[in-house]
Amino acid sequence: MNIVVVESPAKAKTINKYLGPGYEVLASFGHIRDLPAKDGSVDPNADFHMLWEVDPKSNQRVNDIARALKGATKLILATDPDREGEAISWHVLEVLKEKKALKAQAVERVVFNAITKQAVTEAMKNPRKIDAALVDAYLARRALDYLVGFTLSPVLWRKLPGARSAGRVQSVALRLVCDRELDIEKFVAHEYWSIVARLATPRNDTFEARLVGADGKKIQRLDIGSGAEAEAFTRDLENAVFKVASVEAKPARRNPPPPFTTSTLQQEASRKLGFSPAHTMRLAQRLYEGIDIGGETVGLITYMRTDGVDVAPEAVTAIRGMIGKQYGKDYVPDAPRAFQQKSKTAQEAHEAVRPTDPNRLPNQVAKHLDRDQARLYELIWNRAVASQMQSAELERTTVDIAAKVGARMLDLRATGQVVKFDGFLTLYQEGFDEPADDDEARRLPAMNRGEILEKQAINSSQHFTEPPPRYSEAALVKRMEELGIGRPSTYAAILQVLQDRGYVRIEKKRLMPEDKGRVVVGFLESFFQRYVEYDFTANLEEQLDRIANHEIDWKQVLQDFWTDFIGAVNDIKDLRVTQVLDALNDLLAPHVFPPRADGADPRQCPNCATGKLSLKLGRFGAFIGCSNYPECNFTRQMTPGAEGAVAGTKVLGEDPATGLEVSLRAGRFGPYLQLGEQSKEKGAEKPKRAGLPKGVAPEDIDLERALALLSLPREVGIHPEDGEPIVAGIGRFGPYVKHGKVYANLEEGDDVLNIGLNRAITLIAEKKLKPGKGRRFGADPGKTLGDHPEKGGPIIVKKGRYGPYVSHDGVNATLPNDMTPDAVTLEQAVGLLEARIVKGGGKPGKSAGKGKKAAKPKAEAKAEAGAAPTARRPVGRKQAAGKTPAKPTAAKKPAAKAKPARKAKAAE
């Protein structure tokens with residue numbers, strides 16, 4: 001018997017069918033061990049010795065492999081064909097050696113780029129040994145990410161309260177987003193005008209031409225800078241005689257783009273399908289590992305983590321044959337196309353992403369896939385097939401027109417393009433992040449030199465230059481690839497980590513930096529500038545590639561990095577918080593202190609007029625406060641124009657019952673209402689305050705509504721069954737009604753200020769019917785998707801306190817952000833539940849947070865994106881915002897059974 005080890009159960013199931021009797025295929029479920037999330041897991045003083053830990057679930061799977069090896073003749077390690085896959089094989093082999101599970105069995109390593117019967121059986125004929133250089137590159141990357149995370153993150157926690165973590169690659173990607181936002185804030189718009197003439201040929205065919213020159217000088221896009229200039233040109237053109245000066249038609253060819261790499265797949269899926277990079281990779285993983293088609297499980301695409309653009313010769317032949325059958329011989333070029341990667345950092349260790357069999361047409365396969373899988377497969381298929389199709393043949397026409405008015409000559413130009421042969425465009429056209437100028441896409445009427453043209457209209461349009469656009473996820477991936485930051489397997493994880501940390505958010509499909517993200521980047525740029533430089537990070541990635549190519553020693557790379565890095569950390573140990581704030585005030589000034597309309601000092605306090613605004617650091621992050629504190633208690637959020645922000649204090653009127661002033665104020669957590677002023681006497685009670693309900697804008701608050709909110713909680717009425725009062729108020733989780741110890745959240749359409757007794761009783765009664773284990777939220781009965789295909793029993797999708805999730809036999813799995821309860825399929829639910837089981841999810845009360853190994857996807861994000869694993873924060877004494885911090889107490893040592901580091905399967 002031969003024992004084959006792969007990563008996932010889906011992959012194991014597919015391969016087991018191909019190999020048949022004589023082979024047993026087992027899954028490791030990703031990495032079986034990782035660095036414990038505690039100090040000392042990597043020891044620079046002991047030649048970078050790394051302490052590995054196997055968690056209980058993985059230990060059980062290793063024991064299963066060890067038991068299967070008894071009596072076996074061979075161990076075949078068949079994990080993914082990349083750096084991370086090599087590392088998983090190495091970990092499995094090392095642990096089996098420690099367990100003394102290997103006796104006389106031969107050990108082989110096999111790789112295949114596609115999960116098809118031919119690819120797998122061919123790989124079994126060509127085994128090799130584990131590639132030590134690939135393992136060394138993995139060890140270097142893992143050690144670097146650990147050392148940066150566990151050394152830099154505690155510094156952030158001490159100097160920037162509210163900061164989550166910093167990572168080797170994550171922080172550089174965050175800097176890209178923040179730098180773009182700073183460019184937008186600094187941008188000054190400039191006015192410019194365009195002038196277009198609508199003309200007609202002698203045959204009465206109309207077209208448009210732009211003004212491009214005057215008096216022998218060229219006019220560029222921004223040259224006409226005022227309405228007066230535009231009016232002068234328009235006046236002359238209204239009286240001009242138009243004549244065709246030249247007509248030039250040139251043939252052109254447009255070649256197809258290469259098949260997908262990981263990066264271009266994520267970019268196009270984002271542009272064309274609206275998928276996030278993480279969702280794209282989840283779908284691609286399923287297509288790669290195998291789909292049941294007509295009783296046969298087969299991988300539909302090749303390995304999806306790659307930076308190569310080449311395609312196997314036999315695949316090229318199959319694609320060209322399919323093109324001839326489906327589209328005709330005119331669409332097949334004379335010779336196969338060969339592509340080369342333009343990126344200098346590309347390793348090109350694997351083929352491009354392509355269908356394993358081009359004859360599996362998207363419309364034939366779609367019935368076996370869910371909607372998103374089918375759409376992604378079609379995109380991959382179209383791109384791969386188009387890459388081997390004939391070029392498109394175009395004709396680009398340029399018409400120059402002379403406009404004579406008196407002694408003055410003005411020049412206009414019209415451009416157009418005609419597709420003579422569509423070629424690959426019949427199947428595929430590459431998307432772009434920004435819309436292109438569509439002038440060339442227009443078709444021009446026939447014209448001859450010397451023809452007189454009739455003027456129909458002259459239009460002048462005012463424009464303003466626009467700032468650079470914020471990054472979309474696709475554009476950021478593209479920019480990271482251009483700079484050499486990260487590698488194919490890390491892009492999706494980096495973006496996910498930035499969102500999970502709360503450093504960025506997505507609005508209208510664009511990445512917006514959060515204030516906490518900008519503060520972290522500002523801190524790193526001020527005190528660790530070298531380590532967030534694009535060139536430095538790209539150079540480190542290049543060194544990791546050189547390790548993988550047997551060119552340099554991995555421990556020497558670590559030593560060179562660590563010597564400088566720990567020196568930089570030690571240099572700022574005694575840095576005072578005031579020094580940090582001064583540096584951030586200067587660096588973030590365009591963001592937090594934008595110029596005022598009246599020209600006054602943007603840092604002048606609007607409340608007392610004598611204080612100076614500055615960044616302050618509180619327990620929950622940064623905010624803006626006055627230097628005259630506590631005499632002046634003005635505060636606001638970092639972003640002056642943030643939604644819901646209030647400038648200073650707005651007096652709404654007096655409370656008729658108490659005579660106290662009612663005011664609307666800006667706080668570090670958003671606008672709030674206050675009754676009266678804070679007394680400076682020792683022990684005096686704080687004035688009553690109330691936050692604004694979600695969805696209520698500050699400008700909509702008047703005195704009457706403010707008094708009603710300040711009066712909360714209010715008694716709605718007496719419950720008819722027991723005579724106890726029902727109270728309505730706003731709590732941590734939003735507006736609610738309460739009866740005894742039962743809380744019921746208000747639903748959409750309910751108003752906490754005027755909800756009536758009958759409605760409140762109904763909500764309380766409904767909550768009592770589904771109490772939800774002591775939580776404020778009741779249990780949703782959910783919708784049944786169907787029975788589990790392997791284990792039986794219903795799979796149910798429900799709406800929970802923290803969002804929708806699927807449930808089966810006590811195992812719950814949260815739906816990703818891009819998946820809704822109404823759209824999730826049974827197959828998707830099974831995949832989510834399998835992933836939850838892999839990362840330690842089990843029966844209720846046995847979550848990963850109680851000593852179990854945590855989720856693979858999050859660990860994947862940490863390992864790939866260079867983020868710090870979860871660690872225990874040092875506990876310090878309370879300090880005043882913006883003041884010199886007290887010396888923090890020593891970090892608590894982890895308990896004996898510390899939470900192990902999360903599994904990382906981050907293939908590259």
Side-chain angles (χ1 to χ4, degrees), residues 3-16 24-36 52-69 75-96 98-99 101 109 115 138 142 281-282 285-286 288-290 297 299 303-305 489 493 788 790-791 808-809 811-814 829-843 846-849 851-864 869 899-907:
I3 304 302
V4 181
V5 176
V6 296
E7 295 97 332
S8 74
K11 188 174 175 181
K13 183 178 178 181
T14 304
I15 293 173
N16 211 37
E24 184 179 358
V25 186
L26 301 174
S28 70
F29 289 81
H31 274 286
I32 61 168
R33 63 179 186 175
D34 200 1
L35 299 171
W52 301 101
E53 183 176 85
V54 182
D55 74 300
K57 279 194 172 293
S58 292
N59 193 51
Q60 181 58 47
R61 294 184 183 108
V62 174
N63 288 338
D64 292 341
I65 296 172
R67 281 193 293 271
L69 280 170
L75 170 65
I76 302 172
L77 302 168
T79 50
D80 286 342
D82 57 16
R83 204 178 287 175
E84 205 73 18
E86 206 74 19
I88 291 175
S89 287
W90 175 78
H91 278 303
V92 170
L93 183 59
E94 290 298 302
V95 173
L96 289 174
E98 290 174 6
K99 290 179 173 288
R109 170 82 170 109
I115 302 180
Y138 157 80
R142 192 69 192 91
M281 296 311 290
R282 282 194 296 269
Q285 183 85 33
R286 293 301 303 273
Y288 164 71
E289 290 184 341
T297 304
Y303 192 54
M304 64 284 163
R305 293 186 179 96
S489 64
H788 196 293
E790 296 177 1
K791 303 175 183 177
H808 174 261
D809 193 25
V811 178
N812 299 332
T814 303
V830 171
L832 292 170
L833 290 165
E834 286 179 358
R836 181 69 183 123
I837 293 171
V838 168
K839 65 189 182 187
K843 302 287 183 181
K846 297 185 179 181
S847 66
K852 300 287 183 181
K853 201 151 196 176
K856 172 182 168 186
K858 291 185 179 178
E860 184 174 315
K862 287 181 179 178
E864 294 178 352
K899 180 180 176 180
R902 295 172 174 174
K903 287 189 278 187
K905 168 62 184 81

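Just so you know, residue 1 is the first one in the sequence shown, and it goes up from there.
Using a 4.0 Å cut-off between charged side-chain N and carboxylate O, Asp64 and Arg61 make no salt bridge.
At a threshold of 4.5 Å between non-hydrogen side-chain atoms, the residues Ile88 and Ile32 do not count as touching.
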For this session: Go through Lys99 and Asn63 one step at a time and tell me if the side-chain contact (heavy atoms from CB on, under 4.5 Å) criterion holds.
Result: CA-CA 9 Å; Lys99 290 179 173 288; Asn63 288 338; 3.0 Å; yes

Exercise. Should Lys13 and Glu289 be marked as a side-chain contact (heavy atoms from CB on, under 4.5 Å) after you check the CA-CA gap, both sets of side-chain angles, and the distance that decides it?
Worked result: CA-CA 9 Å; Lys13 183 178 178 181; Glu289 290 184 341; over 6 Å; no

For this session: Given side-chain contact (heavy atoms from CB on, under 4.5 Å), test Ile65 with Val95 step by step and report yes or no.
Result: CA-CA 11 Å; Ile65 296 172; Val95 173; over 6 Å; no

Problem set entry | Residues Arg33, Glu94; criterion side-chain contact (heavy atoms from CB on, under 4.5 Å); working and verdict | CA-CA 10 Å; Arg33 63 179 186 175; Glu94 290 298 302; 3.5 Å; yes

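A donor-acceptor pair under 3.5 Å is absent between the side-chain atoms of Thr297 and the main chain of Thr14, judged by distance alone.
Evaluation of the side chain to side chain donor-acceptor pair (under 3.5 Å) rule for His808 yields no partner, not counting sequence neighbours. Contacts of Lys11 classified as salt bridge (Lys or Arg N to Asp or Glu O under 4.0 Å), with partners at least two apart in sequence or in another chain: Glu7, Asp80. Partners of Arg109 according to the side chain to side chain donor-acceptor pair (under 3.5 Å) rule, which considers only residues two or more places apart in sequence or in another chain, are Thr79, Glu86.
Note: Glu84 CD to Arg142 CZ = 9.0 Å, rounded to the nearest 0.5 Å.
Ring planes of Tyr138 and Trp52: parallel class, angle under 30° (limits at 30 and 60°).
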